[in-house]
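Computation of the quantities below employed the complete heavy-atom set of this structure, encompassing side-chain atoms and omitting hydrogens, waters and symmetry-equivalent molecules. Everything numeric in this text was worked out from a predicted model, so none of it was measured.
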Amino acid sequence: MLYSINRFFQKGIKSQIILLLTLTLVNIAFFSLLFVTVQPGTSFWESLWIVSTRMLDPGTFSDDNPSIIRWVTYPVTITGILLLSTLIGILSASFTDQLIQLRRGIGRINEDKFTLIIGWDYKIFHLINELIEANSNQKLLTIVILADKDKIEMDEEILLNLNIPRKVKIITRRIDPLSARSYRLINIRKATSIIIVSSAFDNRFLVSKCLLLLRKIMPDQNVPIIFEVNSNDHEELIQPLLSSNTFLLNRESFYSKTMTHTILQNGMSSVFSELFSFQGNELYTYPAQNYAGKSYGDVMLLLENASLIGVIREGNTTLNPDHKLLFNKEDQLVVVMNDDDPIQHTKRTQASHIDVSGYSLSKMIKFDVTNVLILGWNSLAAEILKELSEYVTTKIHITIIGENVPPISELELIFKNKFIHITVLRKQHYKNTNISPLDFKAFEKIVILSLDDISPEESDTITISTIIQVRSLLQSNHSPQLISQLLIEKNAALIEEDVSLEFIVNDSLVSGMISQIAEDSKLYDALLDLLDEEGAEIYTIHISALLKKYSQGISIDQAYTLIGELGGSMIGYQSEGKGHANQKIHTVLNPKKTSDKLLFGDDKLIVVCDGL
């Protein structure tokens with residue numbers, strides 16, 4: 001009996017209210033019949049009214065006469081009080097339960113246009129920041145986060161780590177990302193893009209399962225799905241599952257490529273930080289219908305507030321194509337701009353030509369690095385060595401200090417480049433006694449890598465400690481370039497920057513790329529191609545190596561023209577920090593062609609062109 005009662009009450013508020021209404025009607029009918037008995041001449045319907053009013057209003061029975069009636073109306077009133085208070089308690093408990101469910105993230109979401117993020121970890125804050133910055137010119141931005149994490153905790157961490165503008169709505173819900181039932185609380189087909197936070201899954205294979213689940217939920221949808229994988233092996237595993245609306249970012253490949261370019265070329269970290277984010281200039285696509293019939297070279301010099309770097313034709317992206325290529329109406333321009341505002345044009349009526357015969361951009365690309373020190377070893381280190389072997393054509397010596405560095409015989413199997421020579425010291429790279437005997441004067445670049453086997457915060461703490469130690473050991477008259485790999489962006493603010501320090505913040509770069517693809521999936525190939533050694537990439541070229549006759553300096557417009565004549569696409573310039581704080585390398589992307597800025601021999605041009 002007791003078990004049956006318990007099961008009945010477990011059915012929820014509907015069952016409880018039905019039971020309460022049934023008891024109320026039975027009591028009203030019983031006391032109405034009893035009232036007719038003690039008060040002859042009163043009809044049954046009149047007695048129903050009298051009993052009902054006394055159950056709802058306890059004070060009504062006090063005026064009842066004679067006293068025999070009170071023996072009926074008194075228990076009626078007591079019964080009414082009990083039933084009514086029970087109803088109020090049930091409704092109050094139900095309302096409280098509903099609030100708790102909403103706070104726990106169980107309620108349904110009814111939004112028309114939103115960016116969906118599946119998963120949660122520390123990188124999500126930078127991702128949200130990038131999405132907010134990307135939509136800064138929009139009236140409303142809705143971000144929905146579905147993760148296996150308590151909703152209250154997610155909301156509190158967002159408020160603690162981010163400043164959310166009023167026009168941004170962030171909705172969080174706790175779900176099981178690998179259960180199809182979890183996605184019933186939202187109309188996922190109305191998402192403008194879906195971002196899977198792969199690192200939120202305990203096992204890399206679960207990302208594949210989540211991707212399969214989304215494909216089942218949206219079999220005919222073209223909503224872009226963006227996610228990252230941690231290694232080349234993982235990419236091979238998940239490759240068969242990819243379709244036209246899925247966009248994969250390989251963290252291992254991306255980090256190793258950006259680190260390699262930063263090792264070979266000073267100042268590249270600032271270029272990557274700006275291009276692969278919405279902080280400043282980034283990539284956009286624009287219809288080419290207004291430029292149909294015009295050549296790539298002419299349009300490149302015509303754009304005032306944009307730097308042209310490529311074209312998308314029939315779904316295929318080509319960076320820095322033949323400058324004689326004529327645009328079609330269906331083509332898309334790939335440009336570097338400060339925002340997705342309308343493109344402005346220069347007043348140039350026709351392209352000016354400069355004789356650059358005898359010059360070649362590929363011959364002007366020089367990597368003046370002969371001795372590199374790598375402190376630390378992680379899963380990316382081998383890929384960095386492999387990437388370096390693709391570019392190095394002159395002798396370079398690499399010294400590696402770390403506990404888990406493989407034997408030299410294994411390292412030499414990673415790459416086949418006779419110009420690279422390696423020395424390995426298996427020691428803890430963050431101990432002063434292990435690095436103080438080194439002759440730092442011999443190194444042009446010192447690379448400090450993060451550690452894999454500890455938490456991101458612990459790894460960054462060790463990295464920062466190592467930077468401080470290396471700085472204290474460096475001679476004042478010799479400052480090799482320090483290149484540091486950090487995992488969490490906010491930790492970069494803990495270090496005092498100077499001209500010799502460059503940061504590669506892993507997650508901020510990847511979050512920036514994910515955000516750009518989420519906003520415009522047509523940029524996917526262009527973003528990857530910028531780091532692919534098989535095509536056009538980003539390089540820096542000293543102006544002094546370009547044309548000797550411009551000893552008095554060249555204008556921005558002349559620089560664009562010169563690079564165009566040489567078959568490249570200019571996107572900016574770098575100065576050696578003259579007149580700037582800390583004398584850091586000063587990077588300017590997408591300068592206006594009508595600027596009166598003059599560039600001199602020590603300055604460098606940032607170009608997109610074919611490499612060595």
Report the C-alpha separation of Glu252 and His234 in whole Å, then their side-chain angles, then the decisive distance to 0.1 Å, and conclude whether the side-chain hydrogen bond (donor to acceptor under 3.5 Å, both in side chains) test is met. CA-CA 10 Å; Glu252 183 178 273; His234 192 186; over 6 Å; no
Please determine whether side-chain hydrogen bond (donor to acceptor under 3.5 Å, both in side chains) holds for the pair Gln332 and Tyr284, giving the CA-CA distance in whole Å, both sets of side-chain angles, and the decisive distance to 0.1 Å. CA-CA 10 Å; Gln332 293 275 328; Tyr284 292 96; over 6 Å; no
I would like to know whether Glu274 and Thr587 meet side-chain hydrogen bond (donor to acceptor under 3.5 Å, both in side chains); could you show each step before the answer? CA-CA 9 Å; Glu274 186 168 347; Thr587 301; over 6 Å; no
Intermediate values then yes/no, side-chain contact (heavy atoms from CB on, under 4.5 Å), Thr262 and Val447: CA-CA 10 Å; Thr262 306; Val447 182; over 6 Å; no
One pair to check against side-chain contact (heavy atoms from CB on, under 4.5 Å): Leu361 and Ile563. What are the steps and the verdict? CA-CA 8 Å; Leu361 280 180; Ile563 296 301; 4.0 Å; yes
Take Leu283 and Val334 through the side-chain contact (heavy atoms from CB on, under 4.5 Å) test and state the conclusion after the steps. CA-CA 7 Å; Leu283 269 60; Val334 181; 4.3 Å; yes
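When all heavy atoms of Lys592 and Glu304 are compared, the closest pair comes out as CB-OE2, 3.2 Å. Minimum heavy-atom separation, Ile514 to Leu127: CG2-CD1, 3.9 Å. Here the closest non-hydrogen pair linking Ile384 and Thr260 is O-OG1, 3.7 Å. When all heavy atoms of Ala134 and Glu519 are compared, the closest pair comes out as CB-CG, 3.8 Å. Smallest separation of non-hydrogen atoms from Glu282 and Asn338: OE2-O, 3.4 Å. When all heavy atoms of Ala288 and Leu333 are compared, the pair lying nearest together is CB-CD2, 3.9 Å.
For the atom pair CD1 of Ile225 and CD1 of Ile194, the computed distance is 4.5 Å after rounding to the nearest 0.5 Å. For the atom pair CD1 (Ile606) and CE (Met570), the distance works out to 8.0 Å, reported to the nearest 0.5 Å. Once rounded to the nearest 0.5 Å, the distance linking OG of Ser277 with CG of Asn129 reads 11.0 Å. Residue Ile517 holds its CD1 atom at 10.5 Å from OG of Ser193, rounded to the nearest 0.5 Å. We find the CD1-OG1 distance between Ile145 and Thr172 to be 6.5 Å, quoted to the nearest 0.5 Å. A distance of 10.0 Å separates OG1 in Thr594 from CD1 in Ile556, rounded to the nearest 0.5 Å.
Side chain of Asn245 to backbone of Pro224: no donor-acceptor contact under 3.5 angstrom is found. Here the side chain of Asp532 pairs a donor or acceptor atom with the backbone of Glu534 at under 3.5 angstrom. For the pair Thr246 (side chain) and Ser243 (backbone), a donor-acceptor distance under 3.5 Å is present. The backbone N or O of Leu131 sits less than 3.5 Å from a side-chain atom of Asn135, completing a donor-acceptor pair. In this structure, the side chain of Thr258 engages the main chain of Phe254 through a donor-acceptor pair within 3.5 Å. For the pair Ser136 (side chain) and Glu133 (backbone), a donor-acceptor distance under 3.5 Å is present. Panel note: side chain Asn305, backbone Gln344; a donor-acceptor pair is recorded below 3.5 Å. Between the side chain of Tyr539 and the backbone N or O of Met364, no donor-acceptor pair lies under 3.5 Å. Side chain of Thr192 to main chain of Phe114: a donor-acceptor pair is present (N/O by atom type, distance under 3.5 Å, no hydrogens or angles). Proximity of a side-chain donor or acceptor of Arg215 to a complementary backbone N or O of Leu241 within less than 3.5 Å is detected.
A search for ring-ring contact (aromatic ring centres under 6.0 Å, His included) contacts involving His126 returns nothing, not counting sequence neighbours. Asp121 is linked by a salt bridge (charged side-chain N to carboxylate O under 4.0 Å, His left out) to Lys123, counting only residues two or more places apart in sequence or in another chain. Take Tyr122 and apply the ring-ring contact (aromatic ring centres under 6.0 Å, His included) test, not counting sequence neighbours, and it matches no residue.
Side-chain contact of Asn187 with Glu111: a donor-acceptor pair under 3.5 Å is absent, judged by distance alone. In summary, the side chains of Ser511 and Glu130 do not present any donor paired with an acceptor at a separation below 3.5 Å, with no hydrogens or angles considered. In summary, the side chains of Asn266 and Lys445 do present a donor paired with an acceptor at a separation below 3.5 Å, with no hydrogens or angles considered.
Side chains of Ser450 and Gln485 form a contact here, defined as non-hydrogen atoms less than 4.5 Å apart. Contact annotation: the side chain of Tyr183 approaches that of Ile118 to within less than 4.5 Å [non-hydrogen atoms, C-beta and beyond]. Ile188 is listed as a side-chain neighbour of Met218, based on a closest heavy-atom distance under 4.5 Å. Here the side chains of Met259 and Leu449 are in contact, with some heavy-atom distance below 4.5 Å. Inter-residue side-chain proximity for Ile538 and Leu275 is flagged as met; some heavy-atom pair is nearer than 4.5 Å. Side chains of Val168 and Leu140 form no contact here, defined as non-hydrogen atoms less than 4.5 Å apart. Looking at heavy atoms from C-beta onward, Asp148 lies in side-chain contact with Pro177 at the 4.5 angstrom threshold. At least one side-chain heavy atom of Val335 sits under 4.5 Å from a side-chain heavy atom of Tyr286.
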Give every donor-acceptor pair under 3.5 Å between a side-chain atom in residues 523-530 and any protein atom, sequence neighbours left out.
| unit_1 | atom_1 | unit_2 | atom_2 | d |
| --- | --- | --- | --- | --- |
| Tyr524 | OH | Leu248 | N | 3.4 |
| Tyr524 | OH | Leu248 | O | 2.6 |

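Under the 30°/60° scheme for interplanar angles, the aromatic rings of Tyr296 and Phe327 are found to be tilted.
In this structure, the ring of His586 has its center no less than 6.0 angstrom from the ring center of Tyr573. A centroid separation of less than 6.0 Å is found between the aromatic rings of His345 and Tyr291. Aromatic ring centres of Phe247 and Phe227 lie farther apart than the 6.0 Å criterion allows.
Residue pairs meeting the side-chain hydrogen bond (donor to acceptor under 3.5 Å, both in side chains) criterion with at least one member in residues 310-322, sequence neighbours excluded: Arg313-Asp331, Asn320-His323, Asn320-Ser569. Listed by first then second residue, pairs satisfying salt bridge (charged side-chain N to carboxylate O under 4.0 Å, His left out) with a partner in residues 254-266 read Lys257-Glu387, Lys257-Glu533, not counting sequence neighbours.
Sparse packing is recorded around CG of Asn163, with 12 or fewer heavy atoms of other residues, nucleotides or ligands lying under 6.0 Å away. Around the NZ atom of Lys209, the shell of radius 6.0 Å holds no more than 12 heavy atoms that belong to other residues, nucleotides or ligands.
A cation-pi contact links Lys593 to Tyr560, judged by a cut-off of 6.0 Å to the six-membered ring centre and 45° from its axis.
Ionic pairing of Arg251 and Glu228 is present here: one or more N-O contacts between side-chain nitrogen and carboxylate oxygen are shorter than 4.0 angstrom.
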